[in-house]
A.B. asks: 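Here you go, one structure.
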Amino acid sequence: MPELPEVETVRVGLARLLPGRVISEVSHDWPKSFPNVQADVDTFLLKASVTDVRRRAKVLFIDLSSKYSLVIHLKMTGQLVFDSANEHFGAGHPNQSLIGQLPDKSTRVILEFEDGSTLFFNDQRKFGWVKLLPTVEIPNIDFMRKVGPEPLLADFTWQVMRDRLQRRKNTSIKAALLDQTVIAGVGNIYADESLWGAKIHPATLVRSVSDAKIKLLHRALVDVLALAIEKGGSSNHTYVNAEGKKGSYMNFANVFRRDGQTCPRCGTTIIKLKVAGRGTHICPKDQTL
DNA sequence: CACTTGACCTGTCCGC
DNA sequence: TGCGGACAGGTCAAGT
């Protein structure tokens with residue numbers, strides 16, 4: 001599911017909700033969802049309090065007073081939902097959130113806090129994971145050493161984007177955008193949306209994309225990521241924020257999952273194809289090879 | 001080395 | 001309705 005805007009939305013929510021809370025109990029049902037824990041739970045989780053919640057690309061870090069951090073990847077269907085206490089609204093409550101309905105059959109990890117609140121890690125497809133690492137080790141892990149620049153930071157200029165993309169000059173522009181070592185946080189939705197914005201066919205080889213087009217793509221990508229954060233992310237299926245609520249960016253999407261509908265720019269029917277092994281949505285008039 | 005293709009899982013949707 | 005296959009926001013290990 002979650003790409004940069006969704007993970008950032010979860011981070012903002014958790015950063016407001018978690019700091020200061022003390023972990024009192026940890027449980028997990030699916031070993032791969034919490035692979036490297038074992039005896040470390042007692043030592044580095046229990047009695048530890050949350051000090052900070054950070055994000056890099058699509059990965060979240062929950063820092064603890066024990067000098068360890070929970071490192072979390074939501075992959076396709078992961079959710080982190082916080083339940084403040086014993087406020088069990090039930091399914092029909094008008095807040096339309098998951099709070100009060102958890103845990104359910106896709107709950108993989110539960111963190112309970114001393115004040116009675118709970119953080120649920122839900123993951124229908126079991127691709128996501130939670131790992132426990134010493135906070136100081138995080139900068140040294142493979143992912144952090146290899147991941148590309150954050151596209152919403154001021155130093156991510158169009159020239160930086162051009163130079164990063166050149167690392168994959170013989171592949172399609174879409175595959176390059178999806179490569180986390182090229183640019184951090186872009187996934188299938190925002191790759192399609194930004195390529196539509198710049199009028200670039202997703203299968204275009206990186207080496208044949210002009211500087212002028214890269215400049216347009218840079219603008220489109222930054223704009224679409226910022227808009228998606230403003231809308232609380234995209235909820236196609238399972239994505240919800242830390243309060244269990246859906247994001248509304250899909251109402252503003254131009255092409256993603258809109259095959260059969262018309263291009264907002266020119267009225268041509270949007271089509272779906274496969275590029276870089278992924279479902280890909282384009283306007284066939286605006287985006288040509 | 002650069003690049004592409006399965007595999008990891010569960011659930012849903014679509015055609016027969 | 002039932003059943004098979006394709007597909008779903010992401011990444012790896014393995015293949016070419």
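Not measured: the values here are computed from a predicted model. Any value given below was found using the heavy atoms of this structure, including those in side chains, with hydrogens, waters and symmetry copies removed. Quick note on labels: first sequence line is chain A, next is B, and so on, each numbered from 1.
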A.B. asks: A:Lys272: what forms a side chain to side chain contact (heavy atoms under 4.5 Å, CB included) with it, not counting sequence neighbours?
C.D. replies: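 Expected list: A:Asp259, A:His281.
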A.B. asks: Can you tell if the side chain of A:Lys75 reaches within under 4.5 Å of the side chain of A:Trp129, non-hydrogen atoms only?
C.D. replies: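 Yes; the side chains approach each other to less than 4.5 Å.
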A.B. asks: Any side-chain N or O of A:Thr77 below 4.0 angstrom from OP1/OP2 of C:dG9?
C.D. replies: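 Indeed not, no polar side-chain atom of A:Thr77 lies that close.
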A.B. asks: Is any NZ, NE, NH1 or NH2 atom of the basic residue among A:Asp179 and A:Arg167 found under 4.0 Å from an Asp or Glu carboxylate oxygen of the other?
C.D. replies: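 Answer for the salt bridge query: no.
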A.B. asks: Considering every strand and a 4.0 Å limit on heavy-atom distances, what is the contact class for A:Asn236: base, sugar-phosphate, or nothing?
C.D. replies: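 If one applies the 4.0 Å heavy-atom cut-off, A:Asn236 turns out to touch a base.
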A.B. asks: Who pairs with A:Ile110 by side chain to side chain contact (heavy atoms under 4.5 Å, CB included), at least two apart in sequence or on another chain?
C.D. replies: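 Partners of A:Ile110 by the side chain to side chain contact (heavy atoms under 4.5 Å, CB included) criterion, ordered by chain and then number, come out as A:Ser27, A:Pro103, A:Thr107, A:Glu112, A:Thr118, A:Phe120.
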A.B. asks: How would nucleotides 11-16 of chain C be written as a contact map, 5' to 3', with B for base contact, S for sugar-phosphate-only contact and - for no contact, using protein heavy atoms under 4.0 Å?
C.D. replies: S-----
A.B. asks: What's the closest nucleotide to the side chain of A:Asn170 if the choices are C:dA8, B:dC3, C:dG9?
C.D. replies: B:dC3
A.B. asks: Base, sugar-phosphate, or nothing for A:Gly279, non-hydrogen atoms under 4.0 angstrom?
C.D. replies: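 It contacts sugar-phosphate atoms only.
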A.B. asks: Excluding sequence neighbours, so at least two apart, what forms ring pair (Phe, Tyr, Trp, His ring centres under 6.0 Å) with A:Phe156?
C.D. replies: A:His218
A.B. asks: Do the side-chain N or O atoms of A:Lys274 get closer than 4.0 angstrom to the phosphate oxygens (OP1, OP2) of C:dA6?
C.D. replies: no
A.B. asks: Are any of the side-chain nitrogens in A:Glu114 or A:Lys47 under 4.0 Å away from the carboxylate oxygens of its partner?
C.D. replies: yes
A.B. asks: Go along nucleotides 5-11 of chain B 5' to 3' and tag each nucleotide: B for a protein heavy atom under 4.0 Å from its base, S when only backbone or sugar atoms are that close, - otherwise.
C.D. replies: ---BBBS
A.B. asks: Please step through side-chain contact (heavy atoms from CB on, under 4.5 Å) for the pair A:Asp104 and A:Asn122, ending with a clear verdict.
C.D. replies: CA-CA 8 Å; A:Asp104 64 18; A:Asn122 263 32; 3.1 Å; yes
A.B. asks: With a 4.0 Å cut-off on heavy atoms, is A:Tyr190 in touch with a base, just the backbone sugar-phosphate, or nothing at all?
C.D. replies: nothing
A.B. asks: Once you apply a heavy-atom cut-off of 4.0 Å, does A:Ser106 come out as touching a base, just sugar-phosphate, or nothing?
C.D. replies: nothing
A.B. asks: Identify whether NZ of Lys or CZ of Arg in A:Lys199 sits under 6.0 Å from the centre of the six-membered ring of A:Trp196 and within 45° of that ring's axis.
C.D. replies: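 Judged by the rule (NZ or CZ under 6.0 Å from the ring centre, within 45° of its axis), A:Lys199 is not positioned above A:Trp196.
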A.B. asks: So, A:Ser172 side chain and A:Leu205 main chain: donor-acceptor pair closer than 3.5 Å or not?
C.D. replies: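 No; zero donor-acceptor contacts below 3.5 Å.
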A.B. asks: For DNA chain C, list all stems, counting runs of three or more consecutive pairs where every pair is Watson-Crick or G-U wobble with both distances under 3.5 Å.
C.D. replies: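 Stem list for DNA chain C: B:2-8 with C:10-16, B:10-16 with C:2-8.
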